[in-house]
Amino acid sequence: MAIEVEVRLPTVLRQNAGGQASVKANGETVGEIFDDLVRQFPLLNGQLVNDDGSMHKFINVYRNDDDVRYLDKLDTAVGADDVISILPAVAGG
Amino acid sequence: MLRLTDATYTDMVAHALDELPNEACGLLAAVPGTAKVERLYRCRNAAVSSRRYEVDSRDMLNADRDAEDRGLQIVAVYHSHTHTDAYPSPTDVKQAPDPTWRYVLVSLKDAEPVVRSYRITDGAITEEPVELDRR
């Protein structure tokens, strides 16, 4: 059975999710959560995951306090009490 | 316009100098809907480089949470250019994620540090004034 978790969105993505700062999504991994987000908010398509299935370079994704890049990336398991936070990945030269 | 207190301005320039020879980076928070900076967060440069910066992802999360707890919002990122002007580089423009943010540059190229603020929207760079707020 799918798990419902809270997903916190950065300001730059909120406009594509009905203006909400926090939404609910279902899934047992970060990748499944993202699939569900895109189902709910089609405007998020291409902003979370690249065409090749990898995580978008311009976002940081956290399961609670941990950057999922250092866990199992999109395969990172998610439990009912977890909060997924998405923030901009800020970089430059 | 980006409004900074003297203390924030001084801290930002000091941070840029502290990180030499590498680029320094950090985040600025303001009351939502304003550009009056109330808080500066020094962040680690995960790239540890004199030519690139990458705000440490844990520092980004901590700054965002702290700002939210204080009723503030991250409105700007600053970083230093150690040997070039206070103007966004092509990499800065390409990687600018948020058109509502300000991109603040601290140039250490000359003896006197130069601080400038920009908006970057769809690759277009617009400078805006930095006002020092003597509080």
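In what follows, every chain begins at residue 1, and chains take the letters A, B, ... in the order their sequences are listed.
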[X] to [Y] - nearest heavy-atom pair and separation:
X       : Y       : value
B:Gln73 : A:Thr11 : NE2-CG2, 3.5 Å
B:Thr91 : A:Gly92 : CG2-C, 4.0 Å
A:Ala91 : B:Gln95 : CB-OE1, 3.2 Å

When you group the ILVMFWY residues by side-chain heavy-atom contacts below 4.5 Å and let the links chain together, are [Y] and [X] in the same group?
X        : Y       : result
B:Val114 : B:Val13 : no
B:Ile120 : B:Tyr78 : no
A:Val90  : A:Ile59 : no
A:Val61  : A:Val38 : yes
B:Leu20  : B:Met12 : yes

Exercise for the section: For the residue pair B:Ser57 and A:Asn60, confirm or rule out a side-chain donor-acceptor distance under 3.5 Å. Expected result: no

Exercise for the section: Spell out, as yes or no, whether a donor-acceptor pair under 3.5 Å connects the side chain of B:Arg58 to the backbone of A:Asp65. Expected result: yes

Practice task
Please say whether more than 12 non-hydrogen atoms of neighbouring residues, nucleotides or ligands are located less than 6.0 Å from CG in A:Asp81.
Solution key: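 At most 12 heavy atoms, drawn from other residues, nucleotides or ligands, come within 6.0 Å of this atom.
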
Handout entry: Closest-packed option against chain A by number of heavy-atom pairs under 4.5 Å, given B:Asp64, B:Val93, B:Thr84
Key =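 Going by pairs under 4.5 Å, I would pick B:Asp64.
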
Problem - Straight-line distance of B:Asp98 CG to A:Leu87 CG, nearest 0.5 Å - result: 11.0 Å

Practice task
Measure A:Arg8 against the heavy atoms of chain B and call it side chain, backbone, both or neither at under 4.5 Å.
Solution key: side chain

